[in-house]
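Down below is the structure, laid out as structure tokens.
Quantities reported herein were computed from a predicted structural model and do not represent experimental measurements.
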Amino acid sequence: MNSTGARHEGRRDHPAYYKESRAWLERCLDSVAAQSHPCTHIVVADGHPQDWIDERQVRHLRLDRPHADYGDTPRALGGLMAANEGFDAICFLDADNWYGRHHVLSCLRLAQQQEVDYVTTKRHMVRDDGSILPLRIREDCDGSHVDTNCYFLLRGAFHTLARWTLMPQPMHVYGDRVYLASLREEGLRTVCTEERSVHYLCTWAHLFRAVGETPPAYAKEPKPLAELPRWYAGLPPREKQLTQRLSGMSPPAPRAATAPETVHA
């Protein structure tokens with residue numbers, strides 16, 4: 001990665017939008033446009049394009065149908081396109097989230113200081129009005145989980161981009177966990193900025209309840225992690241082999257059945 005300010009120095013891929021509101025999308029797009037380090041923004045419509053986005057300073061990729069995989073196929077396609085075009089770094093931003101002004105710059109500076117394959121960051125859990133929920137997620141804090149929006153991939157990790165779409169359908173709901181496991185099993189080098197530059201719209205009902213708040217209408221319950229090892233255990237041997245090849249992840253251990261989030265209030 002060079003530091004000359006060339007267009008290939010930093011790159012933002014908003015992986016997908018589906019039926020999110022214009023207000024959420026504008027907040028997302030505005031946060032990319034406001035980055036202190038310039039980057040190219042590829043916006044991928046997962047089957048439900050919104051024409052007004054064509055008026056923004058973005059590249060708007062329209063997929064002709066939704067893929068029902070939590071944005072993983074649009075994420076992979078946008079990332080692979082950027083890798084093919086010679087960009088040095090790729091990061092993801094979901095339609096309901098946004099970044100702090102120096103997100104890209106903080107990742108880039110750390111990547112320039114150390115020879116790594118990818119950089120990670122931390123996230124704030126936020127309400128729709130932008131205020132921060134008074135909690136920390138233990139697995140976020142100790143690095144055992146990295147949210148999709150917290151990756152900053154460098155060329156040493158570009159070969160893994162297709163895993164987002166190739167993993168079997170039942171894995172997509174746990175996509176960022178599967179992806180992280182594949183990176184670690186491969187031994188890719190990484191470093192974390194430790195900065196909470198990601199603003200993650202909290203859509204998890206149990207986290208609102210953990211801080212004594214009534215979940216908003218858009219909040220949902222998490223899917224139990226125990227379902228992943230159970231699903232894998234029921235596969236025939238050949239399907240298990242193919243699953244490992246496509247996802248890059250070894251068989252999920254029974255310990256994955258523990259609660260997905262532990263809250264520090």
Side-chain angles (χ1 to χ4, degrees), residues 1 9-16 28 31-32 35-37 39 41 70-72 75-76 78-79 82-83 87-94 96-126 132 135-164 167 171-172 174-202 204 207 225 247-249 256 260-264:
M1 179 172 298
E9 204 178 33
R11 191 313 195 140
R12 172 66 41 71
D13 171 25
H14 165 201
C28 168
S31 76
V32 176
Q35 287 299 294
S36 58
H37 183 85
C39 52
H41 195 182
Y70 301 87
D72 285 348
R75 181 174 298 118
F87 287 95
D88 297 323
I90 297 170
C91 46
F92 307 117
L93 184 57
D94 291 332
D96 51 356
N97 300 327
W98 65 97
Y99 281 134
R101 175 167 167 73
H102 303 298
H103 174 80
V104 169
L105 182 61
S106 63
C107 293
L108 178 63
R109 283 176 171 170
L110 192 56
Q112 291 171 330
Q113 295 168 9
Q114 303 189 41
E115 189 172 340
V116 295
D117 300 308
Y118 66 101
V119 176
T120 63
T121 65
K122 303 293 187 182
R123 60 178 172 168
H124 286 298
M125 287 285 177
V126 299
I132 297 172
L135 60 81
R136 293 287 185 266
I137 310 301
R138 179 174 296 162
E139 58 183 5
D140 283 3
C141 294
D142 65 20
S144 58
H145 175 247
V146 176
D147 181 73
T148 302
N149 299 269
C150 296
Y151 286 105
F152 186 85
L153 304 180
L154 304 167
R155 293 179 63 209
F158 282 7
H159 65 287
T160 69
L161 285 165
R163 293 174 187 169
W164 287 106
M167 68 178 73
M171 289 182 136
H172 285 296
Y174 315 105
D176 50 11
R177 298 173 185 276
V178 172
Y179 186 68
L180 179 61
S182 77
L183 298 180
R184 289 180 170 168
E185 288 180 26
E186 194 173 343
L188 298 190
R189 297 163 297 180
T190 186
V191 65
C192 182
T193 68
E194 302 297 338
E195 296 186 21
R196 299 187 184 279
S197 54
V198 174
H199 296 260
Y200 181 97
L201 179 65
C202 184
W204 302 112
L207 295 183
L225 284 173
S247 68
M249 176 185 174
E261 320 255 29
T262 303
V263 179
H264 291 260

(request) Decide yes or no for L201 and N97: does some side-chain heavy atom of the first lie under 4.5 Å from some side-chain heavy atom of the second? (result) yes
(request) Give a yes or no on whether the backbone of S36 and the side-chain of H102 come within a donor-acceptor separation of less than 3.5 Å. (result) no
(message) For a quick check under 3.5 Å, do H159 and E186 share a side-chain donor-acceptor pair by atom type?
(response) yes
(message) Working to the nearest 0.5 angstrom, can you tell me the gap between E195 CD and T120 OG1?
(response) 11.5 Å
(request) Provide the closest heavy-atom pair for D117 versus G156 in the form atom of the first, atom of the second, distance. (result) OD1-CA, 3.5 Å
(message) So, taking the atom named SG in C141 and the one named CZ in R136, what distance separates them when rounded to the nearest 0.5 Å?
(response) 6.5 Å
(message) So, taking the atom named CH2 in W164 and the one named OG in S182, what distance separates them when rounded to the nearest 0.5 Å?
(response) 8.5 Å
(request) Take K122 and T193 through the test side-chain contact (heavy atoms from CB on, under 4.5 Å) and record every step on the way to the result. (result) CA-CA 8 Å; K122 303 293 187 182; T193 68; 5.8 Å; no
(request) Identify the heavy atoms of G143 and V146 that sit nearest to each other, and give their distance. (result) O-CG2, 4.4 Å
(request) Would you check, one step at a time, whether the test side-chain contact (heavy atoms from CB on, under 4.5 Å) holds for H172 with V178? (result) CA-CA 8 Å; H172 285 296; V178 172; over 6 Å; no
(message) Is it true that, when you exclude R109 itself, more than 12 heavy atoms of the residues, nucleotides or ligands shown sit nearer than 6.0 Å to its CZ?
(response) no
(request) First locate atom OH of Y70, then atom OH of Y174, and finally report the distance between them rounded to the nearest 0.5 Å. (result) 8.5 Å
(message) Any heavy-atom pair between the side chains of I132 and V126 that's under 4.5 Å?
(response) yes
(message) Return the OG to NE2 distance between S31 and H41, rounded to the nearest 0.5 Å.
(response) 7.5 Å
(message) Checking L153 against L161 for the side-chain contact (heavy atoms from CB on, under 4.5 Å) test, could you report, in this order, the C-alpha distance in whole Å, the side-chain angles of both residues, the deciding distance, and whether it holds?
(response) CA-CA 9 Å; L153 304 180; L161 285 165; 3.6 Å; yes
(message) Side chains of H37 and R101, heavy atoms from C-beta outward: is any pair under 4.5 Å?
(response) no
(message) Holding to ring pair (Phe, Tyr, Trp, His ring centres under 6.0 Å), I want the full list of residues that pass it with Y151, two or more places apart in sequence or in another chain.
(response) Y179
(request) Apply side-chain contact (heavy atoms from CB on, under 4.5 Å) to the pair T121 and F152, showing each step before the final yes or no. (result) CA-CA 8 Å; T121 65; F152 186 85; 5.8 Å; no
(message) What I'd like to find out is whether the side chain of M249 reaches to under 4.5 Å of the side chain of M167, using heavy atoms alone.
(response) no
(request) Specify the closest pair of heavy atoms between L93 and N149, including all atoms of both residues, with the distance to one decimal. (result) CA-OD1, 3.3 Å
(request) Specify the closest pair of heavy atoms between Q35 and H103, including all atoms of both residues, with the distance to one decimal. (result) OE1-N, 3.3 Å
(request) Measure from the side-chain N and O atoms of S197 to the backbone N and O of G100, and report whether any donor-acceptor pair falls under 3.5 Å. (result) no
(message) As an exercise, state the distance from OH of Y200 to OG1 of T148, rounded to the nearest 0.5 Å.
(response) 8.0 Å
(message) Give me the atom names and distance for the closest heavy-atom approach of R123 to D140.
(response) NE-OD2, 2.6 Å
(message) With a sphere of 6.0 Å drawn around CZ of R196, does it hold more than 12 non-hydrogen atoms of other residues, nucleotides or ligands?
(response) yes
(request) State, yes or no, whether a side-chain contact exists between V198 and Y99 at a heavy-atom distance under 4.5 Å. (result) yes
(request) Can you see which heavy atom on G248 is nearest to which on E185, and at what distance? (result) O-OE1, 3.7 Å
(message) With heavy-atom distances below 4.5 Å as the criterion, would you say the side chains of L135 and L207 are in contact?
(response) yes
(request) Please examine the side chains of Q113 and V191, heavy atoms only from C-beta on, and report whether any two atoms are closer than 4.5 Å. (result) no
